[in-house]
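For reference, the structure is listed below as structure tokens.
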Amino acid sequence: MDDVVIGIDASTTAVKAIAFTRDGEELFQAREAYPLSNPRPGHFEQDAEHWWTALLGALKQVTEAVGASRVAAISIAHQRETFTLIDHAGKPLIPAILWLDERARPQVIRLSAELGRETIRDWSGKPPDPTPALYAIAWLAEHQPQTLDDAAALVDVHGFFVHRLTEHLVTSTASADPLGLLDVRNGTWHPELVTAAGLRPDQLPELVAPGAICGGLVESAARLTGLKAGTPVVAGAGDGQAMGLGMGVHAEGKSYLSLGSGIVSGCYSGKITTSNAFRTLVSPTGSGFMLETVLRSGMQLVDWIVRTTGSPSAAALEKAAVDVSAGSEGLLVMPYWAGVMSPYWDGAARGAIVGLSLDHEPKHLFRAVLEGIAFEQAIASEAMETQAGGKPAAVIAAGGGTNCALLMRIMASVLERPLSVSPVNEAAALGAAMLAASAIGWFPSPETAAEAMAALPTRHVEPVDGLISGYRARKAIYRDLYRATRDIHARLDALSEASG
């Protein structure tokens with residue numbers, strides 16, 4: 001029948017495999033979780049074999065639900081920057097090092113001094129920061145040089161899965177790009193960055209464009225999943241880019257806003273541009289680029305407030321905060337609980353709550369956190385959109401944060417534009433499915449697949465006219481908060497390093 005494609009999203013916590021029809025309808029979803037290890041402060045690891053077991057289990061469930069004969073192709077989205085080393089048989093040699101890992105902060109400093117921060121940014125599209133794998137690989141070169149030298153290949157999650165599924169050592173440019181080793185302009189491995197990491201060129205997978213067929217499912221993988229041998233495995237993309245595609249952002253004029261544990265926003269750019277204000281990534285369509293901003297502490301701050309204040313629930317706090325006037329009666333929150341990526345790239349930065357008084361209650365803090373997230377996003381969006389050619393006509397929002405009506409009103413008012421809410425809960429998997437659908441000829445391009453398969457927004461949130469001017473004034477004060485606290489946080493971080 002061949003009327004279904006499977007989009008896979010291998011996130012930080014689980015593999016989700018979802019069967020989609022030609023019009024983007026979700027038929028069946030399976031989820032298999034795996035553990036996260038934190039063996040030392042700043043070290044975050046996983047066993048890649050756990051990824052593989054989870055992938056097999058999820059694919060088997062989907063295949064049993066929809067039937068192997070219906071599956072025309074599969075494609076993969078995944079947690080970005082995460083990687084492992086494998087031997088010639090594909091066996092992992094080390095625990096996978098995750099995008100969350102911060103062990104390589106000294107290597108960020110060293111490589112930035114040796115190559116130049118702007119040089120690294122302009123080559124890779126990524127301002128120096130512990131998140132790209134480049135620095136963790138350099139850490140391995142210093143701490144486990146023999147293991148790195150003995151490795152047959154370095155693979156991202158996509159490359160690991162494709163190798164197991166097809167026996168081809170291949171990955172997508174839109175999957176490998178976040179590693180920080182690519183020449184973002186040309187979509188090729190950058191020789192100087194590869195050397196700086198301590199790798200050899202022969203240790204890197206072949207690169208193909210997203211939407212290319214990497215190979216067919218081998219017999220052994222077919223038996224384990226129930227899928228047909230030879231089923232096309234299509235090159236996907238990192239979850240951030242795939243999510244944007246799944247939300248229908250594939251050309252200029254639209255941007256996406258994912259309100260999850262972290263806040264990720266992005267827009268398409270037809271031309272290459274790099275800046276400290278955003279990360280530049282290979283587009284999931286294989287044409288053009290995605291500009292992206294990341295706030296690491298997003299909706300997880302809401303969970304933090306609930307825990308810290310002993311409130312019964314986020315819903316109860318939101319209900320109370322609705323009656324708090326805009327500006328939270330003088331409170332201002334800088335939401336850097338997990339450091340800051342764009343635009344400052346400062347791992348020592350931490351959250352700040354300014355203006356506390358004896359009159360403030362948890363409801364004020366709740367609203368102030370939502371306002372701080374919105375101020376941060378507005379500043380990030382302005383910088384990104386200036387480089388990309390202006391304010392987009394539409395902003396598509398998704399994620400758990402869209403269920404917070406107060407946040408949505410605040411965000412629309414601070415951004416000074418309407419927000420359209422996507423009903424898609426698994427946009428990254430849908431983006432991967434769009435690439436699969438294009439690769440097998442259902443659509444002439446990933447862009448047309450996105451137009452056909454993306455769900456229409458279910459609601460729109462308008463700015464509140466009465467809030468705009470006041471928030472504009474408070475945003476101007478918020479802009480100064482990072483510089484006012486930067487040196488204090490750096491000194492505190494230095495003390496922690498010295499005592500730890």
Side-chain angles (χ1 to χ4, degrees), residues 7 9 16 18 20-27 29 77 237 239-269 283-285 290-293 295 298-299 318 370 373-374 377-378 380-381 384-385 388-435 437-438 443 445-465 467-468:
D9 179 16
K16 286 156 280 187
I18 306 177
F20 293 96
T21 62
R22 192 182 295 250
D23 60 2
E25 178 188 357
E26 181 179 319
L27 289 184
Q29 176 181 153
D239 52 9
Q241 302 111 296
M243 176 180 61
L245 183 62
M247 293 165 67
V249 178
H250 53 79
E252 291 171 354
K254 289 183 181 179
S255 66
Y256 64 88
L257 178 61
S258 174
L259 300 170
S261 297
I263 310 294
V264 181
S265 68
C267 65
Y268 177 87
S269 175
S283 166
T285 66
M290 296 298 290
L291 311 183
E292 180 185 270
T293 69
L295 174 60
M299 298 312 295
E318 181 183 0
L370 301 187
I373 288 170
Q377 185 56 54
S381 294
M384 182 171 62
E385 291 161 4
K391 186 180 284 191
V395 178
I396 315 297
T402 61
N403 297 319
C404 179
L406 180 58
L407 172 61
M408 295 301 288
R409 284 200 301 275
I410 291 170
M411 187 69 75
S413 301
V414 172
L415 292 175
E416 300 184 29
R417 69 187 78 178
L419 302 175
S420 298
V421 180
S422 169
V424 178
N425 292 321
E426 301 294 348
L430 178 56
M434 291 169 175
L435 292 171
S438 170
F443 304 99
S445 67
E447 292 86 350
T448 53
E451 290 168 6
M453 297 175 73
L456 293 174
T458 51
R459 57 190 168 99
H460 302 275
V461 180
E462 296 290 333
V464 179
D465 291 339
L467 298 180
I468 291 175

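What you are looking at is a predicted structure, and each value in this text was computed from that prediction instead of being measured.
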Contact summary for [X] and [Y], nearest pair of heavy atoms:
{"X": "Phe443", "Y": "Met453", "value": "CE1-SD, 3.9 Å"}
{"X": "Val424", "Y": "Ala455", "value": "CG2-CB, 3.8 Å"}
{"X": "Ala432", "Y": "Ala242", "value": "N-CB, 4.4 Å"}
{"X": "Met247", "Y": "Ala427", "value": "CG-CB, 3.7 Å"}
{"X": "Ala378", "Y": "Leu415", "value": "CA-CD2, 3.5 Å"}

Please identify each residue that fulfils side-chain contact (heavy atoms from CB on, under 4.5 Å) with [X], with sequence neighbours left out.
{"X": "Ala429", "result": "Asp9, Ile18, Phe20, Glu426"}
{"X": "Ser445", "result": "Glu447, Thr448"}
{"X": "Glu462", "result": "Pro418"}

Practice task
Can you tell me which residue pairs pass the side-chain hydrogen bond (donor to acceptor under 3.5 Å, both in side chains) test with a partner in residues 242-257, sequence neighbours excluded?
Solution key: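 For residues 242-257, and leaving out neighbouring residues, there are no side-chain hydrogen bond (donor to acceptor under 3.5 Å, both in side chains) pairs at all.
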
If the condition is side-chain hydrogen bond (donor to acceptor under 3.5 Å, both in side chains), which residues does [X] pass it with, not counting sequence neighbours?
{"X": "Ser420", "value": "His460"}
{"X": "Glu25", "value": "none"}
{"X": "Glu318", "value": "none"}
{"X": "Asp23", "value": "Thr21"}

Can you give the donor-acceptor pairs under 3.5 Å from side chains of residues 393-414 to other protein atoms, not counting sequence neighbours?
residue: Thr402; atom: OG1; partner: Gly399; partner atom: O; Å: 2.7
residue: Asn403; atom: ND2; partner: Gly400; partner atom: O; Å: 3.4
residue: Ser413; atom: OG; partner: Arg409; partner atom: O; Å: 2.8
residue: Ser413; atom: OG; partner: Val464; partner atom: N; Å: 2.9

Which distance, rounded to the nearest 0.5 Å, do you find between the [atom1] of [X] and the [atom2] of [Y]?
{"X": "Glu385", "Y": "Cys267", "atom1": "CD", "atom2": "SG", "value": "6.0 Å"}
{"X": "Met243", "Y": "Glu292", "atom1": "CE", "atom2": "CD", "value": "7.0 Å"}
{"X": "Met299", "Y": "Ile373", "atom1": "CE", "atom2": "CD1", "value": "6.0 Å"}

Exercise for the section: Sequence neighbours left out, what passes salt bridge (Lys or Arg N to Asp or Glu O under 4.0 Å) with Glu26? Give chain and number order. Expected result: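 Per chain and number, Glu26 pairs via salt bridge (Lys or Arg N to Asp or Glu O under 4.0 Å) with no residue.
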
List the atom pairs, with distances to 0.1 Å, where a side-chain N or O of residues 257-266 and a protein N or O form a donor-acceptor pair under 3.5 Å, not counting sequence neighbours.
residue: Ser265; atom: OG; partner: Thr293; partner atom: OG1; Å: 2.4
residue: Ser265; atom: OG; partner: Gln377; partner atom: NE2; Å: 2.9

